[in-house]
Amino acid sequence: MALTAAALIEGLMRFHEPSQIKGVIFNRVKSPGHYELLKKAVEKHLAIACYGYLKPSTAIQLKSRHLGLIQAQEDLDVEDKIEKMAALVEETVDLTKLLFDFNNSVDQSKKVAYDGSGSVSLQESLSKIKNDWALKVDLRIGYARDDAFSFYYDENLETLREIGIKLIPFSPIADGKLPDTIDGIYLGGGYPEVFAKALMDNVTMRESIRAQAQAGMPMYAECGGLMYLMKTIETRKGEVYEMTGVFDGCSNMTDRLQHFGHVEAILKLQVGGKWESINYRGHEFHHSVVTARDLNQVIEVNKKEESWHCGYHKHNVLGTYVHNHFYSNLAFLEWLLYFLTQNKRRAV
């Protein structure tokens, strides 16, 4: 079985050539003797280094729920677990050799960023967008950030800040209303179904979001954010909780994943008298389904032989189940900036 580890790693190295795999760290190895068997097998047959191993440890286990791990901010012992992880690494991984080999193997001239076309680097494209929009935007965007809403790609938030947008966090659970003087709202993913009662009990926040949506404030919501914009959330036990009611519909929790994995999405929407059709990549990962009336379906998702709609538009609100990393297609980022600036409405 130790020899099989070498065969497995060789398969990974040959899967995409030339390989960038320079070394290996083994996980869940119970003894130094076991590691020595693995190390001997790999270094005899492969031109890569073994840097050590990690022992199994129940002290660093992370709990999970129906859509993955319990969020870091909910784990009161997370800092202690991180310290224990660091101690485990220091105990059985040769960090000195690892860092030395890494620093001597990286060729900075060969680093290439993916941009989808191969003609212009991602960094160059991003720089152009930032320069083009830096003098155009005067936006203050509120974004939901608490136990119910925490899934954001950090790069998305960093990119918006670098363009010059002021991002203001708020809590749909704890805050009484939206932040003052914001021009739009960004509702990320999370677990609104787990915190549905707390969200329902914050009546003034729900009313504040609904009133701003009806007045024309632009809002962009993904997955959990879309569920919060519905009229209600119904749990698997049949419990019904009132949400913002921006969209006239219900988000129903089910016993299984509805859509899971990477998808190709097409957004078709008219903004400022101009029709846009944007193709972008994203992923879906949810147990809920939306049942809604009279909603303008503006995002079509394609995966293998299937296609379905999962994006809805009303007033100046766009909600979708697709989680989108802006780097997947910078055209979507530019469209979003246009959407926000064309429709911005500063709350007072």
Tell me if a side-chain donor or acceptor on [X] pairs with a main-chain N or O of [Y] at a distance below 3.5 Å.
X	Y	result
Asp183	Thr341	no
His313	His315	yes
Lys314	Ala213	no
Ser208	Lys177	no
Glu155	His325	no
Thr244	Tyr228	yes
Thr232	Val240	no
Arg206	Met243	yes
Arg140	Lys166	no
Asp146	Ile173	yes

Looking only at heavy atoms, which two atoms of [X] and [Y] are closest? And how far apart?
X	Y	answer
Ile60	Lys81	CG2-O, 3.8 Å
Ala144	Tyr152	O-OH, 2.5 Å
Pro56	Lys30	CG-CG, 3.8 Å
Leu3	Ala41	CA-CB, 3.9 Å
Met217	Ile182	CE-O, 3.5 Å
Ser251	Met227	OG-CG, 3.3 Å

Problem - Pair Tyr312-Leu226, side-chain contact (heavy atoms from CB on, under 4.5 Å): steps then yes or no - result: CA-CA 9 Å; Tyr312 309 98; Leu226 169 66; 3.9 Å; yes
Hey, are the side chains of [X] and [Y] touching, using non-hydrogen atoms and a 4.5 Å cut-off?
X	Y	result
Tyr51	Asp101	yes
Leu126	Phe326	no
Glu79	Glu83	no
Ile48	Lys22	no
Leu267	Tyr280	yes
Phe26	Thr92	no
Met230	Cys250	no
Leu340	Tyr220	no

Rounded to the nearest 0.5 Å, how far does [atom2] of [Y] lie from [atom1] of [X]?
X	Y	atom1	atom2	answer
Leu178	Glu207	CG	CD	12.0 Å
Leu337	Ile165	CG	CD1	5.0 Å
Ser19	Leu12	OG	CG	8.5 Å
Leu330	Leu336	CG	CG	12.0 Å
Lys97	Phe102	NZ	CZ	15.0 Å
Lys39	Cys50	NZ	SG	6.0 Å

Are [Y] and [X] co-members of a hydrophobic cluster defined by side-chain heavy atoms under 4.5 Å apart?
X	Y	value
Leu98	Val42	no
Ile168	Ile209	yes
Tyr241	Val246	yes
Tyr35	Leu37	no
Met200	Leu187	yes

Exercise for the section: Please say whether more than 12 non-hydrogen atoms of neighbouring residues, nucleotides or ligands are located less than 6.0 Å from NE2 in His45. Expected result: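 Yes - once you tally the heavy atoms of other residues, nucleotides and ligands closer than 6.0 Å, there are more than 12.
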Exercise for the section: Starting from the C-alpha separation in whole Å, work towards a yes-or-no answer on side-chain contact (heavy atoms from CB on, under 4.5 Å) for Leu38 and His34. Expected result: CA-CA 7 Å; Leu38 296 166; His34 185 195; 3.9 Å; yes
Practice task
Check whether the ring centres of Phe332 and Trp335 lie less than 6.0 Å apart, and answer yes or no.
Solution key: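 Yes, the ring of Phe332 comes within the 6.0 Å limit of the ring of Trp335, centre to centre.
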Problem - Proximity of Tyr153 and Tyr327 rings by center, below 6.0 Å - result: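 No - the distance between ring centres of Tyr153 and Tyr327 does not fall below the 6.0 Å cut-off.
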Practice task
Check step by step if side-chain contact (heavy atoms from CB on, under 4.5 Å) holds for Trp133 and Glu334.
Solution key: CA-CA 9 Å; Trp133 283 90; Glu334 291 204 88; 3.4 Å; yes
Handout entry: Reference residue Leu333; test side chain to side chain contact (heavy atoms under 4.5 Å, CB included); the match among Asn156, Ile278, Leu160
Key =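 Of the listed options, the one satisfying the test is Leu160.
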Handout entry: side-chain contact (heavy atoms from CB on, under 4.5 Å) between Tyr191 and Glu193, intermediate numbers included
Key = CA-CA 5 Å; Tyr191 292 97; Glu193 69 277 15; 3.6 Å; yes
Practice task
Inspect the contact between Lys231 and Glu242 and indicate whether a charged nitrogen and a carboxylate oxygen are less than 4.0 angstrom apart.
Solution key: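 Between Lys231 and Glu242 there is no salt bridge, as every charged N stays at least 4.0 Å from the carboxylate O atoms.
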